[in-house]
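In listed order, ligands and their atoms are each counted from 1. Note that the coordinates shown come from a computational prediction; the quantities given were computed from them, not determined experimentally.
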Amino acid sequence: MEISEVMKKQSLNQKESVEKSELYKALSASRTSFISTGVFSFCINILMLAPIIYMLEVYDRVLTSSSESTLLMLTLLLVFLFIVMGTLEWVRSQVLIVTGNRLEKSLGPRVFDSLFKQSLASGGSVSTAQPLSDLLTLRQFLGGASLLTLFDAPWLPIYLGVVYLFHPLMGSVALAAAIFLIILAIVNERLTRRDIQDANKLNIENTHETQLNLRNSEVIEAMGMLPRLRDRWQQKQNELLALQTRASRQGGLITTLSKTFRMTMQSLMLGLGAYLAIQGDISGGTVIAGSILLGRALAPIDQLINSWKGFLGARGAYTRLSALLEANASQEPPMQLPPPQGRVEFKKVFVALGENAEPVLQDISFAIESGTSVAIIGPSAAGKSTLIRAMLGIYQTTRGAIRLDGAELKQWDREVLGEHIGYLPQDIELLEGTVSENIARFGEVEPEKVVAAATAAGVHQMILQLADGYSTRIKAHLLSAGQRQRIALARALYDNPKLVVLDEPNSNLDTEGDLALANALRSLKAAGSTLIVVTHRNNLLQLVDKVMVLSNGTLVAFDETAVVMKKLSQGAASPSPAVQSAPGIAPIAAQSTTQSVTHNAVVEN
Ligand SMILES: Nc1ncnc2c1ncn2[C@@H]1O[C@H](COP(=O)(O)OP(=O)(O)OP(=O)(O)O)[C@@H](O)[C@H]1O
């Protein structure tokens with residue numbers, strides 16, 4: 001699924017449930033903080049009137065009475081009020097910073113988990129850490145100056161009211177100026193919103209694509225693909241620039257217009273005040289106070305227009321985060337079950353990957369008793385990896401049920417169940433950390449268990465030869481593919497899991513590695529673990545109790561190894577009905593004594 005599709009879908013979900021979204025609730029939990037910010041804003045905005053009243057008093061009272069003591073008292077009072085106002089502003093900003101931090105702390109783990117769930121649900125096509133940046137954007141917005149303008153803007157009527165009290169004409173002019181600026185703010189939002197949103201979306205997509213390409217830098221370099229990829233990136237970047245430029249041009253025009261208008265109005269207000277003073281309607285102090293008050297009243301609207309991009313950024317982050325959390329709702333862990341014994345059962349399982357996609361696995365039913373070892377064979381794209389991914393709960397079933405020890409996978413607590421499962425994926429990825437941390441799956445490193453797993457995987461000596469032994473940090477190119485595969489095998493074998501699933505565990509192994517793997521499989525069998533191994537090589541077949549043959553997403557054979565091998569060899573001459581129904585299976589028999597079971601054998605599919 002494309003990232004844009006996921007975002008679109010999430011955005012639709014979000015629209016339906018924005019009021020009740022988890023993010024909304026998390027913000028609502030800080031309601032008290034927002035209310036106190038509102039109260040502080042009220043006090044601050046009232047105190048903002050102090051310098052104006054001071055000016056009025058100085059002009060109209062002190063200067064006329066020449067009273068130094070009045071001037072001193074007024075000045076002391078003003079300094080005190082400024083100190084109070086400064087303190088309130090500081091407290092207000094701290095409240096919002098704490099609110100932002102609280103939001104990040106409370107939602108951070110949920111967003112982190114959701115990233116992985118989203119990646120799993122999209123089959124890995126939406127693997128982006130963008131939501132973490134979105135959370136950061138929201139936190140910074142909450143603690144930033146932009147939000148404060150929203151708290152200051154509502155006091156506009158109070159300022160306008162005071163100007164009105166000075167003189168109705170001055171009040172009417174101030175009201176008209178405020179209405180004009182509000183209209184400018186609305187025009188600004190209408191003109192720039194779509195472009196800024198589209199640019200942000202394009203930016204996220206382009207960054208995501210670049211991140212994915214970076215992972216394949218070797219292939220890109222080896223085959224000289226960089227210029228073409230750069231062109232693709234540049235093309236999108238140009239679109240992005242065009243959108244941003246248009247938004248900035250329009251936004252810039254409105255910003256300049258609003259600033260110029262505000263300053264002009266302040267001067268015009270002074271002129272109007274002077275005219276009214278000449279007429280004897282108002283005092284000299286009122287002339288200046290009216291002008292300053294108008295400036296104060298219009299400032300938040302002006303700032304709102306200025307910081308509109310920040311508002312849209314925060315709104316986009318809010319929308320995406322809400323949708324992500326909504327799509328990956330947190331669930332209470334199910335009731336704890338006893339440790340699994342490793343019995344696996346598929347009942348009429350269908351798996352389709354992607355919306356309206358044809359099922360990759362169709363009507364698969366089988367049961368693997370605990371302690372049994374099974375090899376899964378079949379041609380490329382037969383569905384072998386899909387089957388084991390479904391078995392591990394990585395892919396969801398479209399129909400049917402997968403049970404472990406009789407309980408459906410969703411009844412197991414993944415965190416607890418994970419300890420009893422060993423998985424070696426086809427694309428081996430070791431994670432950022434030391435060799436021992438990787439083997440211990442990033443839990444507490446218990447040296448005996450780590451060494452036992454490494455020994456079982458036949459990799460202990462190799463690890464000792466690394467520069468820092470078990471404490472060596474995993475870095476790109478530090479280890480060969482075979483070494484990585486064997487360390488990943490040790491990770492899969494850590495702490496003797498009950499169910500071990502290996503996807504082509506010998507694809508990168510040399511003879512010594514093959515021998516180590518064979519020994520590991522024998523030990524696992526001896527320990528009573530259920531072992532499931534996908535393989536294209538027949539040397540592992542001699543080690544397992546049963547063989548499962550998949551073809552075109554269907555199960556065509558599952559029986560004792562000897563029985564399946566016999567069927568396969570008979571298939572070449574006179575196939576049994578089950579085998580006959582599986583195109584391409586018969587020739588396996590011809591290959592069953594050679595090195596490769598399926599790669600060359602099952603060619604008709
Ligand atoms: N995440 C995914 N999204 C969409 N289709 C997928 C996904 N994973 C696998 N498929 C499709 O499912 C089919 C079976 O793939 P699978 O990897 O299970 O085959 P396989 O038998 O393991 O092949 P191989 O032996 O080559 O590894 C393929 O057609 C593949 O394109």
| query | So, is Tyr395 polar-close to ligand 1, with some N/O to N/O distance under 3.5 Å? | reply | yes
| said: Using a 6.0 Å cut-off, check whether atom CD of Gln235 has over 12 heavy atoms from anything other than its own residue. | reply: no
| query | Stepwise, does the salt bridge (Lys or Arg N to Asp or Glu O under 4.0 Å) test hold for Arg486 with Glu512? | reply | CA-CA 11 Å; Arg486 284 164 72 180; Glu512 189 198 315; 3.6 Å; yes
| task | Run the numbers for me: atoms of ligand 1, each under 4.0 Å from some heavy atom of Gln426, listed by number. | result | 27 (O)
| Would you say Val360 and ligand 1 have an N/O pair spaced under 3.5 Å apart? | no
| query | Does the side chain of Gln234 come under 3.5 Å of the side chain of Asn238 through a donor N or O and an acceptor N or O? | reply | yes
| query | Would Asn328 and Gln118 count as having a side-chain donor-acceptor pair, cut-off 3.5 Å? | reply | no
| query | For Ser507 and Gln426, does a side-chain donor sit closer than 3.5 Å to a side-chain acceptor? | reply | no
| request: For atom NZ of Lys410, decide whether the heavy atoms of other residues, nucleotides or ligands shown that lie under 6.0 angstrom number more than 12. | output: no
| Sub-4.0 Å atoms of ligand 1 with respect to non-hydrogen atoms of Gly383 | 14 (C), 18 (O), 19 (O), 20 (P), 21 (O)
| remark: Within 4.0 Å of some non-hydrogen atom of Leu353, the atoms of ligand 1 are 2 (C), 3 (N), 4 (C), 5 (N), 6 (C), 7 (C), 8 (N), 9 (C), 10 (N)
| Spatial distance of atom CD1 (Ile402) from atom CD (Gln396) [nearest 0.5 Å] | 8.5 Å
| query | Of all the atoms in ligand 1, which lie at a distance below 4.0 Å from a heavy atom belonging to Glu504? | reply | 25 (O), 27 (O)
| task | Under 4.0 Å, heavy atoms only, figure out whether ligand 1 is touched by the backbone of Ala357, its side chain, both or neither. | result | neither
| query | Should one rank Ala381, Ala390, Ser385 by closest heavy-atom distance to atom 29 (O) of ligand 1, which comes out on top? | reply | Ala381
| said: I'd like to check which ligand 1 atoms, numbered from 1 as shown, lie under 4.0 Å from a non-hydrogen atom of Pro379. | reply: 21 (O)
